[in-house]
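Step one of this worksheet: look at the structure below.
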Amino acid sequence: MSTTADPEYDKYVKDPRISCKYGNGNHNKHLDKKLKIETLKKEVKQVATKQDSDSDYSIDDNSDTDSESGSNPDVPKSDETDTEIEKENGKIDCNTKNGNGCESIEEKHCYKTHKEFMKEKFLVDMPEDFFQFWEFCKMLKANKPSEALKDIGLTLVGPFDVLANKFCDIEKSDEEYLVHWRYYHDPPEFQTILKGSDKTGYHIGYFRDSPEELPVFLASNHANKDGILRAMEETFFRHIYLDDLKKTGDPFTKMHIGRIQEAVRKEAGKLHMDMSLKTHKMVSREKEIVTRTFNKIGLVVPYDRKTQLGYRELALGNKELAVAFTKLKNATEEQKPKYLSELQPVFTFANIATDECDFGTSIELGWDIIAHGVDSLDSTAMRHLATNYRLLNKEAFAKIAEAHLKNRRKGVNLSII
């Protein structure tokens with residue numbers, strides 16, 4: 001075998017000891033790594049020799065001082081050599097900065113993709129059109145995709161903040177992530193994606209009946225007005241294209257609506273999207289609704305129509321229950337015990353329904369408390385929702401309900417960033 005100029009390397013190659021008992025493949029990996037190290041060292045020496053003629057110092061194999069390696073941009077530092085090897089092994093320091101000087105979500109939190117980060121923090125999966133819409137907004141405004149629809153009064157928020165790398169250097173608790181852009185009247189099934197007018201608290205989000213399923217449609221709410229959710233289209237593209245924004249927008253907004261709707265139409269065509277008003281999923285869901293709640297969206301829970309197992313009506317109808325909630329909401333501290341006692345049969349009845357496997361009853365009660373907005377019953381709503389979501393194997397919704405009702409905030413400044 002031919003020799004090299006490096007006696008240490010020759011000694012390593014001619015080592016008479018027995019190969020690794022775990023196989024030559026393992027030995028070869030270390031040999032390849034050694035060759036990579038030696039190659040990098042030689043490159044360092046070559047650059048150092050070249051620079052030596054123009055400087056008063058030289059760099060030897062063992063030099064590791066910051067002043068020497070930092071004074072020449074062509075010479076990699078020793079820790080850069082280690083980083084090259086770490087990359088080969090699939091290990092990289094989570095503190096590595098990206099090109100913008102900000103740690104990406106994947107690096108900061110050691111997640112492989114934005115999808116995994118969102119699933120871990122928000123407990124649900126995002127549909128394909130979520131990512132397609134982000135790419136579309138990048139086409140409209142490459143430097144700030146979150147503001148691509150600002151001319152028509154909409155801003156991308158919630159999970160879109162992950163794609164915008166707004167969580168760089170942000171350390172929050174699990175519960176805080178669950179209330180990121182969660183408005184006062186939002187049930188656990190609703191996840192804010194777009195924010196509109198701060199005056200009315202207008203926001204749009206995905207609505208799903210199960211945390212393990214993709215959203216059924218988009219819904220909207222004016223949080224500063226009421227707790228009513230309005231079912232909309234299934235995708236962002238369909239909403240922007242079909243929604244009659246010209247009727248509600250101000251004169252400045254109307255100037256931009258046509259341009260953006262035309263861009264949406266073209267992009268939806270490229271993606272072969274169904275732009276009809278109601279999709280099969282939305283129509284099918286209507287048939288599964290067991291009751292209309294205060295938020296008007298309709299409750300869907302597992303229900304056997306033959307045995308009538310899964311849901312029973314509350315002890316009070318919607319009208320009577322709303323009156324009772326309003327009395328409690330407006331009551332003085334001295335009056336509250338009286339109105340709470342009047343509501344006690346409703347709570348007891350819901351508990352009995354849970355014991356007899358009609359889990360939808362307590363979920364309806366929790367939804368109604370959230371939609372109505374009676375603060376003094378937040379803990380009651382949390383207890384009924386969390387218990388029955390868990391009995392229905394909807395753990396993610398239980399955690400969201402607990403996080404929200406422990407820290408339920410009014411207003412429009414709902415970002416945790």
Do [X] and [Y] have side chains that get closer than 4.5 Å, going by heavy atoms?
| X | Y | answer |
| --- | --- | --- |
| Asp378 | Met382 | no |
| Phe131 | Lys115 | yes |
| Cys137 | Leu156 | yes |
| Val290 | Val300 | no |
| Asn318 | Thr291 | no |
| Phe217 | Ile297 | yes |
| Gln191 | Pro159 | yes |
| Phe160 | Lys166 | no |

Please report the closest heavy-atom contact between [X] and [Y], naming both atoms and the distance.
| X | Y | result |
| --- | --- | --- |
| Gly196 | Leu154 | CA-CD2, 4.1 Å |
| Asn224 | Gly201 | ND2-N, 3.4 Å |
| Val179 | Ala403 | CG1-O, 3.6 Å |
| Met232 | Met282 | O-CE, 2.7 Å |
| Ala322 | Phe294 | N-CZ, 3.6 Å |
| Glu313 | Tyr311 | CA-OH, 3.6 Å |

Backbone N or O of [Y] within a donor-acceptor pair of the [X] side chain at under 3.5 Å?
| X | Y | value |
| --- | --- | --- |
| Asn295 | Ile228 | no |
| Lys119 | Met126 | no |
| Ser362 | Phe359 | no |
| Asn388 | His384 | yes |
| Asp304 | Thr307 | yes |
| His180 | Ile416 | yes |
| Asn221 | Leu229 | no |
| Gln335 | Thr332 | yes |
| Glu356 | Ala353 | no |

How about Phe167 and Tyr177: are their ring centres within less than 6.0 Å of each other?
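Yes, the ring of Phe167 comes within the 6.0 Å limit of the ring of Tyr177, centre to centre.
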
Centroid separation under 6.0 Å, is that true for the rings of Phe190 and Phe207?
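Ring centres of Phe190 and Phe207 not closer than 6.0 Å.
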
Which of these, His372, Lys225, Arg408, sits in a side chain to side chain contact (heavy atoms under 4.5 Å, CB included) with His185?
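Result: among His372, Lys225, Arg408, Arg408 is the only option passing the side chain to side chain contact (heavy atoms under 4.5 Å, CB included) with His185.
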
Give the C-alpha distance, both sets of side-chain angles, the deciding distance and a yes or no for side-chain contact (heavy atoms from CB on, under 4.5 Å) between Asp368 and Leu314.
CA-CA 11 Å; Asp368 286 349; Leu314 288 168; 3.8 Å; yes

Looking at [atom1] of [X] and [atom2] of [Y], how far apart are the two atoms once the value is rounded to the nearest 0.5 Å?
| X | Y | atom1 | atom2 | result |
| --- | --- | --- | --- | --- |
| Asp355 | Leu391 | CG | CG | 9.5 Å |
| Phe347 | Leu365 | CZ | CG | 6.0 Å |
| Leu328 | Ser341 | CG | OG | 10.0 Å |
| Asn413 | Trp181 | CG | CH2 | 7.0 Å |
| Phe133 | Leu149 | CZ | CG | 4.5 Å |
| Lys141 | Asn143 | NZ | CG | 6.0 Å |

Check ion pair [X]-[Y] (N to O, under 4.0 angstrom):
| X | Y | value |
| --- | --- | --- |
| Lys121 | Glu116 | no |
| Arg292 | Glu286 | yes |
| Glu212 | Lys394 | no |
| Arg285 | Asp209 | yes |

For [X], does the [atom1] atom have more than 12 heavy-atom neighbours from other residues, nucleotides or ligands under 6.0 Å away?
| X | atom1 | value |
| --- | --- | --- |
| Lys144 | NZ | no |
| Lys172 | NZ | yes |
| Gln308 | CD | no |

Under the criterion side-chain contact (heavy atoms from CB on, under 4.5 Å), I'd like the reasoning laid out for Tyr202 against Leu194: C-alpha separation, chi angles, the key distance, then a yes or no.
CA-CA 9 Å; Tyr202 182 66; Leu194 298 170; over 6 Å; no

Any chance you could lay out the side-chain contact (heavy atoms from CB on, under 4.5 Å) test for Lys399 and Asp174, step after step, and finish with the verdict?
CA-CA 10 Å; Lys399 290 181 177 179; Asp174 290 342; over 6 Å; no

Does any donor atom in the side chain of Glu189 or Tyr389 lie under 3.5 Å from an acceptor atom in the other side chain?
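Short answer, yes.
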
Would Thr361 and Glu364 count as a side chain to side chain donor-acceptor pair (under 3.5 Å) here? Give the steps.
CA-CA 5 Å; Thr361 306; Glu364 179 186 10; 5.8 Å; no

Please confirm whether Lys327 makes a cation-pi placement over Tyr339, using NZ or CZ under 6.0 Å from the six-membered ring centre and within 45° of the ring normal.
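No, Lys327 does not lie over the aromatic ring of Tyr339.
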
Go through Trp134 and Lys138 one step at a time and tell me if the side-chain contact (heavy atoms from CB on, under 4.5 Å) criterion holds.
CA-CA 6 Å; Trp134 177 254; Lys138 284 169 67 176; 3.3 Å; yes

